[in-house]
Every structure is written in C-alpha cells, then in structure tokens.
Number of protein chains: 2
Amino acid sequence: MLANLKELSEKLGLSQTTVSRALNGYPEVSETTRQRVIDAAREHNYAPDSSARRLATGKTRTIGHVVPISKHDMINPHFTDFIAGAGAVYNRRGYDMLISVVDADKETETYRAMKRNRRVDGVIVHGPVASDARPGLLHSLGLPFVVHGRTLQDDDSYSWVDVNNRRAFAEATRYLIGLGHRRIALVNGWEHMVFARRRREGYEEALREAGIAVDPLLMSSNEMIEPVGHEAMTAFLASDDPPTAVLVASALSALGVMGAVREHGLVPGTDISIISYDDKLSFLDIGPDGMGLTVIRSGIGEAGRHCADMLIDMIEGRRGIVHMLLEASLVPGTSTGPPAGVAVSGKSAAGR
Amino acid sequence: MLANLKELSEKLGLSQTTVSRALNGYPEVSETTRQRVIDAAREHNYAPDSSARRLATGKTRTIGHVVPISKHDMINPHFTDFIAGAGAVYNRRGYDMLISVVDADKETETYRAMKRNRRVDGVIVHGPVASDARPGLLHSLGLPFVVHGRTLQDDDSYSWVDVNNRRAFAEATRYLIGLGHRRIALVNGWEHMVFARRRREGYEEALREAGIAVDPLLMSSNEMIEPVGHEAMTAFLASDDPPTAVLVASALSALGVMGAVREHGLVPGTDISIISYDDKLSFLDIGPDGMGLTVIRSGIGEAGRHCADMLIDMIEGRRGIVHMLLEASLVPGTSTGPPAGVAVSGKSAAGR
DNA sequence: TTGTAAGCGTTATCAC
DNA sequence: GTGATAACGCTTACAA
C-alpha cells in the first residue's frame, strides 16, 4: 500500500528516475532491476497517480464525448452501442472516456472548456448536421477530433467514419424495384441530419434510374421513434394510391411501421414489403434472427471502434486525416417479396 | 490565449496566489482585484489546467461508472437514460463523468485500478445482483460509492437509490385482482438481479393476500428483450389454462408481449390485461401517451440524478449513508380491464 | 488584503 | 545503467 514513487524507490534503494523508467518500459534499465521494480510495485500495489503523470507529460489520455440533450430529454438510443464499441478500444489502448451530457445550446462552450482546461486529448463528434459548426470550431481550437458521420461540405478537411448511406438506400430501393415494386415509400429521419439526407438521395437515385417518379406523398421525414413511424405508415396506407413497399430509416421507426401494417391487416412480405435500416442495436434485433425483417445493416458498435482507433492514432501522431466509408449490407428477411398483384402472375408465369 | 497562472499573474502585476484566490472565490481578496482578475482571465481565455489543479488539491472531481459488457455485447438500454440524468447533475456541480466499458469479468480490477491511479473521487454501481461483491470491495478500497438498486443483504452499510419494486409489483397485482383477475402471469427479468427478485416477491405477496395460489407455470424469468417477452407470452397463451392478465417487467419485454397478444387475436384491455413496468426510456414510450399501456412508472433519469447528488454530497463530506426508496406510480392506460367473462356480467350487474 | 514558498507525484534532461 | 534535479501548473500554509 505505498502511496507514491518516492516511497517505492526508497524501499528499493533506487532513484525515482530508475523506478519510473523501469515501470514505463524504457530500454535503458537492466532487466534485473526492471523485474525487481515490477515485483515491488505489484507487491505494494503501486500505480502512478494519473493526475501527476498527466501534468508531467501534458497528455491526458482521455477522449471526450459531448452528448447534447435536447428539449424532450431525448438521448439518442444509438449512443449506447456506439460507446460500447469505442469504449472497448479506449480500454485496450489505455485511454479513458469522458462523457459530458449538456444542454444542446451549450455544446460549443463545452468543447471550448475541454480545450481550456486541457481536460482531453481529443473528442468524437456525434450526429453531424448539414451545416455543422463543430468541425470548424474544433479546428480553430486545435483539438483533435473524428466525426461519426459527415457534414455536407468540407468533409475532406477532417477525419470521419461514416456509412455509405446513399448507396445503402439506393441498393435497398433497387432490391425492391427488382422485386417488381414501383410504389415505394420512405420513412426517414429528420433531414437536417446528414445521414437522413443522404438516404433520401440514394432512394431517389434508384427510383430515377428505374424511371419511377419521385412522389413527395410517399416520403416522410421525422423523428426516428415508434409512434412517428406508426403515424407515417398509417398515413401512407390510408392514401388513394398506397405504397406496396416501404423503406424505413431506423429500428425504432420500423417498430411503428410494423404496427401500422398489422393494424391494416397486411402481412409483411406478402401484402407489403418492408426494408429497414438496422444499426444492430444490442437491445433490439429487428433483423432475420429477431423480428425477421429484411434489413440494411451496418453495426454502430463497429463505427465506434473505428472512430476511437482513428482518433487515438491521430493524437499519437501516427495518422493524419482519414476517411472511412463503411458499406452496409442487405440482409434478406421475411418482410420482402413481390408486390401482391404481380407476385402470383409473375411466379406462375415463371413456373410454367 | 494565456497558458498558465504564472503568465496571467505577471500580466496583472499580482502574485499567483492572489489570482488563484480571486478565481476560486476566496473571501479574503478585495472586490476590485477580484473583478480585475476575472476580467483578465476572461479576456485572455484563461482557465486552470485540470490536471494541475487535481494534483494540488487531491480531488479529481470525477465520478466513475463501470459498465460491464457481457458475452452478447449487450449493453443495458436503460443505461443511457440513467447517465443522462446523472450527467446533468455532474455538469451542474462541476464534476466529470468517466465511463469505463469493460469485460464483465474485469469489473473488479477496474475499480481497483481507479482507486490505485486516483482516477476518480467515487463511483456509481449499476445493476446489483443478489450476492454482490462490489459494495464490500469498494468499502475495503475506501472508494466512495452509491448503488443504483440494492443488494439483498447488508444494504444498510452503503448508500443506495432504488425503486420500491416490491410494492410496485404488489400494487399492480392488486390492481389486476381488483379488476377481477385471478390468473395473472408474470414476465420477469433475470432473477439474479435483485430488482427482478423483489418484483416477483411483490407479485406473490399480492396473490397470497387474495388467496390466489402462486402458479409457477405463470411465471417466467429471462432477459428483458422483445423476442423473449414474445416467447414467454406465447407460451402462456398456449397453455391449458391461460392467464387473463399479465405483468411485464420492462418496456422491451412488453413489446414482445404485445406482439404475442396480437398474434393470438386478443385485444389488450378487453380480452387480456397488461401492465408493464416503465422506466420512461426516452426513446420508447409504452405508457398512455405512447403505446397506451397501463404502466407502473418510475423514471430512471430521476434515479440517476439522485445517485449523482448523493454521491457528490458524500464525497464532499456533506452526507453519510443515505437510502432513497422511490415509489413507482401506477398510470392507467387502455391495456387493462375486467377479465373477458367477468367484464360484462360484472358491469351489467352493477348497472341494474 | 497580498505575497513567498513549499508542496502535489510524476516525467524529462542532463550528468556520471 | 543509474541518479540528481528541474520542470509541469496549480493550491495552500505561513508571513507580512
């Protein structure tokens, strides 16, 4: 139970310098002494004081995450899985994770404070919006950062990890078109969020390729929670010319969409096709192994791991600006099939 | 853009001591100088280096949360809302939140390391199990802590914030009994978690009071996720003597239970009654304003706030061991009513 | 009311 | 290989 380096070195009859070097793996110390020091440290349960070490080195070995909390006290459910991924990396590489939950309008000030107090070595930026001020701010502060997602412009001036949302939604749309669908609805997230915007672009791109007109009546953009998905889908189904397929932007929204579909007495995969984006939330599996939906999947935990590794590499000077575009994969479930009318004729035609 | 106290004090023609005192609100400094110092600090964007301050004071002003991650990479979805609540308090009181995501079997070592490195002033313990080693460990380490929940024994030797789970489930059960139900099922969480155990006790207590036999065939204890709730409820409904009501331990389980009920063509509130525990998850509202269920509700964010306040009070020496038992409240929705048979006769009898 | 100087527990820079 | 010694940037007795 030794408090500090001084006492430990005295007990060993060595200087603090040598003990410190031995413990930190410096090469110039003899193997015998190193072993002696390590044993003594373990025996006396010694470990360096993190504050003292930080003061001496100037490195905090801490990564900050600012979590803005908006009016409805809503905190992004994806966040949990992201930090689970990032946290594992921090752990492995000897970094700490500092999370600051702040009012949405105080986010800027929080970054400034983190820099001023030298509280962290870098930060992860979550949920970029179309014209996001944070990259510029962090640049001017000189605080290393990695963005989870991308802004719309100047995204080559900083490091990011993003999913190819545009392609993911284009492919999902093509998949539905390939099945014979032409009335395809989109239940999207708020489009000031860049990922939502790109998803719509991908969706529209695929429609245009196929010569299908983009119908604003088949698109909704809103919060990604159950009741909202429910409401959007209910409205679509009540329209004059309802969709035969729908693309959903999140697992939570998909819950609501499924509810609406069921209430209308429709069977997913037969009467209507559903594809949802799936972040692989640990507590809610909407994919084939869970609720059975056809999904476009890209793990958010994986994104967290990449962000963490990239940021640490950057902080340690091993890497500069990097862009990582993860591809989502379409995983077929039971919620997709040919449109109701086409299905039978198409299949029987092929069968004969 | 002044780096440190020294430069700032030189620029002001004052000693570091005076500047430090002025900034930290010590009373012995004159109001004029204090104002001058504060203005200069703001002008030069000065704030003390957190590591240096921590080294000098011996206080880290940091609270640790250890998040064990188990085999399935499952991370408790409630966690997000808890830290949103706790984080707001940390923020307000000038504390930082350190989150350590570790393999479940490394939790003990993580607490030890936090103490050894003097990394935090205290920790919050999540998800206590029946015979939990953590309170004992933290006690012996001399690391202040507050438990969210309680262990089964020795829960007066440490501070905790818990919901009166026993009473909550007893009252919910009584409510159902009052409506005329006698076959009441329980879809519970894993019962090595103390809160789940207490919930079952409350449920059984109310049954016994009413002279209803506890039927093991009406109880399930498992992970609190959608598919598991679905499976449990499906099994209950398929039995010879199916329940007319069910008590569910979490919002996610309730999702599955609702699905099973619907698939059996039953209408909640009419054909079968459902009451679910509701942690007020920010992203999933199963209560009357959302999915409409009758719920037993106690906010998990509130629990987070209390834990944080209690721990800080304890660290700052303002408070000793405190126990806070929050009462959940039953919020009637549309998922409860008299049992199908009893309903009509009961009502009509009363009407005449 | 203000200042001097001694810590706090490390790591880093030189010597030897 | 090892050891003095000076930072690191702050707080806090103790003096004045």
Side-chain angles (χ1 to χ4, degrees), chain A residues 1-38 40-41 44-62 94 96 113 115-121 316, chain B residues 1-38 40-41 44-62 94 113-121 316:
Chain A
M1 287 304 164
L2 278 185
N4 55 29
L5 236 202
K6 192 173 167 208
E7 295 183 42
L8 181 61
S9 60
E10 280 166 359
K11 192 132 305 188
L12 279 162
L14 289 169
S15 72
Q16 297 187 32
T17 313
T18 305
V19 175
S20 174
R21 282 198 275 237
L23 257 23
N24 290 310
Y26 280 59
E28 63 256 63
V29 62
S30 84
E31 266 318 308
T32 19
T33 20
R34 184 191 307 284
Q35 210 36 257
R36 208 159 66 87
V37 169
I38 289 176
H44 294 98
N45 194 35
Y46 168 81
D49 180 296
S50 52
S51 302
R53 164 179 279 184
R54 284 208 282 275
L55 180 57
T57 61
K59 308 283 169 208
T60 66
R61 294 192 77 87
T62 301
D96 286 330
K115 173 65 179 183
R116 261 204 315 265
N117 306 312
R118 302 157 190 90
R119 191 68 188 82
V120 300
D121 290 339
E316 297 182 349
Chain B
M1 286 303 162
L2 278 185
N4 54 29
L5 235 203
K6 193 173 167 207
E7 295 182 44
L8 181 62
S9 60
E10 280 167 0
K11 193 134 304 187
L12 279 162
L14 288 168
S15 72
Q16 296 189 33
T17 312
T18 306
V19 176
S20 172
R21 283 198 275 236
L23 257 24
N24 290 311
Y26 280 57
E28 63 256 58
V29 62
S30 85
E31 266 318 309
T32 22
T33 22
R34 185 192 304 283
Q35 210 36 257
R36 208 158 69 86
V37 170
I38 288 176
H44 293 98
N45 193 35
Y46 169 81
D49 180 295
S50 52
S51 302
R53 166 179 276 183
R54 284 209 282 275
L55 181 56
T57 60
K59 306 283 167 210
T60 66
R61 295 193 76 87
T62 300
M114 283 180 165
K115 173 64 179 184
R116 261 204 315 264
N117 306 312
R118 302 153 191 93
R119 190 69 189 81
V120 300
D121 290 340
E316 297 182 347

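Of the possible donor and acceptor atoms, one in the side chain of Arg61(A) sits under 3.5 Å from a partner among the backbone N and O of Gly94(A). The closest donor-acceptor contact from the side chain of Ser9(A) to the backbone of Leu5(A) lies under 3.5 Å. Although no hydrogens or angles enter the test, the distance criterion places a donor-acceptor pair under 3.5 Å between the side chain of Ser50(B) and the main chain of Asn117(A). A donor-acceptor distance shorter than 3.5 angstrom exists from the side chain of Asp121(A) to the backbone of Thr60(A), with no hydrogens or angles considered. Judged purely by atom type and a 3.5 angstrom limit, Arg34(A) uses its side chain to pair as donor or acceptor with the backbone of Tyr26(A).
The side chain of Leu14(B) lies closest to dT2(C) when the candidates are dT2(C), dG3(D), dT12(D). In this structure, the nucleotide among dT2(D), dC10(D), dT11(C) sitting nearest to the side chain of Asn4(B) is dC10(D). When each of dT10(C), dG3(C), dC10(D) is scored by its nearest atom to the side-chain atoms of Thr18(B), the top-ranked nucleotide is dG3(C). Taking the side chain of Thr57(A) as heavy atoms from C-beta on, and the options dA12(C), dT10(C), dT2(C), the nearest nucleotide is dA12(C).
For the helix from dT1(C)-dA16(D) to dC16(C)-dG1(D), the rotation axes defined at the first and last 5 base pairs enclose an angle of 30°, given to the nearest 10°.
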Please tabulate the protein-to-nucleotide N/O contacts below 3.5 Å involving nucleotides 5-7 of chain D, giving atom names and distances.
none

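Residue-to-nucleotide proximity on DNA chain C shows that, of Arg21(B) and Asp49(A), the 5′-proximal contact is made by Arg21(B).
When heavy atoms are screened at a 4.0 angstrom cut-off, Ser51(A) is found touching no nucleic acid atom at all.
Donor-acceptor pairing under 3.5 Å is lacking for the side chains of Thr17(A) and Ser20(A).
Salt-bridge check for Arg119(B) with Asp96(A): passed, with a basic side-chain N closer than 4.0 Å to an acidic carboxylate O.
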